[in-house]
Amino acid sequence: MSGTTDAKSSLVVNGLKIEAIERGRGRPILFLHPNIGVQLAEPFIEALAQGGRVIAPSHPGFGTSQMPKGLSSVDDVSYFYLDLMDALDLRDTLVVGVGIGGWIACEIATKSTARIDRMVLGNPFGIKVGDRETRDFIDIWSLLQHEVDALAYFDPNIAKRDYNALPEAEVLAAARNREATARIAWSPYMHNPKLRGRLHRVDVPTLILWGTADRIVLNADYPRAFAAAIPGARLETIERAGHYPHIEQPQEFARRALAFASATPAKLQTA
């Protein structure tokens, strides 16, 4: 895969063509995007690339990436990424995932961390904290997009887009992102009932960065419960950011992620 500054690249994994962004050089940093996809000119990608070689694929079915037959869950997507890391021979990888991307990262790590050095999770989905009668997340499919944005962002104006004025390719990508999200995370809704009980298998240092204005996640105990389920995980908050802290506070999110990635094991233990 070859990256450029003005276009997305593509890579083929097990015959599946995937679009991707690549920036920087050095240690591999695999960025797993949230349900809204990943944009070419995202400031966060550029900031993260200051610390290594960022590889930011669009998940199967998102953006222009192909959707393989039979893929129907985040668990399925995690196996795709295990194959991708093998295909690219990524080693000592910093995995950074936001939202659904954080969920995918955890599913990967419960299976194998052979190619992972550390993980940074931004407002991850993936587990159930409340009882069966209590919602952990809002139903994004029951609301209009501007209503979802008002809950997802500290500043909803960041998300405003005039779809009538956008290029057709961007509108199509946004539609595919929504369709793919529904396909892999509709039922059970935004979680894997088995994941929480498997997170003890995560054996790499993990940092959870939580945008405090996130109102997509309804359960106030959710971020603490997520961190508690991963051995040794750290939980830090980011102010003036919601469910997508890498978008609203790109420099701060990248700074903390890279600082965590470069800390020695001793520092991680005493932090």
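Every value quoted in this text rests on a predicted model; they were computed, and no experiment measured them.
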How about [X] and [Y]: do any of their side-chain heavy atoms sit closer than 4.5 Å?
X      : Y      : value
Phe226 : Cys106 : yes
Asp86  : Val13  : no
Pro245 : Leu209 : no
Ile55  : Leu90  : yes
Tyr81  : Leu30  : yes
Arg215 : Ile138 : no
Ser65  : Pro57  : no
Ile100 : Val77  : no

Output the distance between atom [atom1] ([X]) and atom [atom2] ([Y]), rounded to the nearest 0.5 Å.
X      : Y      : atom1 : atom2 : value
Asn177 : Leu172 : CG    : CG    : 9.5 Å
Gln249 : Arg256 : CD    : CZ    : 9.0 Å
Arg201 : Thr110 : CZ    : OG1   : 7.0 Å
Leu207 : Arg234 : CG    : CZ    : 5.5 Å
Ile140 : Asp149 : CD1   : CG    : 10.5 Å
Ile208 : Arg224 : CD1   : CZ    : 12.0 Å

Decide whether [X] and [Y] are clustered together by the hydrophobic rule: side chain heavy atoms of Ile, Leu, Val, Met, Phe, Trp, Tyr closer than 4.5 Å, transitively.
X      : Y      : answer
Leu166 : Val38  : no
Val12  : Met67  : no
Leu88  : Leu82  : yes
Ile216 : Trp186 : yes

Residues [X] and [Y] bridged, charged N to O under 4.0 Å:
X      : Y      : answer
Asp155 : Arg240 : no
Arg91  : Asp117 : no
Asp75  : Lys194 : no
Arg176 : Glu179 : no

When you measure from the side chain of [X] to the backbone of [Y], do you find a donor-acceptor pair of N or O atoms at a distance under 3.5 Å?
X      : Y      : value
Arg23  : Ile45  : no
Thr206 : Val204 : yes
Glu248 : Tyr244 : no
Asp136 : Lys128 : no
Glu170 : Pro167 : no

If you compare all heavy atoms of [X] against all heavy atoms of [Y], which two are closest, and at what distance to 0.1 Å?
X      : Y      : answer
Ala47  : Gln251 : CB-OE1, 3.7 Å
Ala105 : Val95  : CB-CG1, 3.8 Å
Arg196 : Ala225 : NH2-CB, 3.8 Å
Gly242 : Asn123 : O-ND2, 3.5 Å
Arg255 : Glu252 : NH2-OE2, 2.8 Å

TODO: Please work out which of the three classes, parallel, tilted or perpendicular, describes the rings of Phe137 and Phe125, given edges at 30° and 60°.
DONE: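 Perpendicular: the ring planes of Phe125 and Phe137 meet at over 60°.
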Task: Parallel, tilted or perpendicular, as decided by the 30° and 60° cut-offs, for the rings of His33 and Phe62 - done: perpendicular
- [ ] Assess the side chains of Gln145 and Arg161: does a donor N or O sit below 3.5 Å from an acceptor N or O?
- [x]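 Judged by distance alone, the side chains do not pair up.
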Task: Non-neighbouring partners of Phe31 that pass ring pair (Phe, Tyr, Trp, His ring centres under 6.0 Å), sequence neighbours left out - done: Phe44, His246
Open item on the list: Please identify which of these residues, Asn35, Leu32, Ile18, meets the side-chain contact (heavy atoms from CB on, under 4.5 Å) condition with His59.
Closed with: Leu32
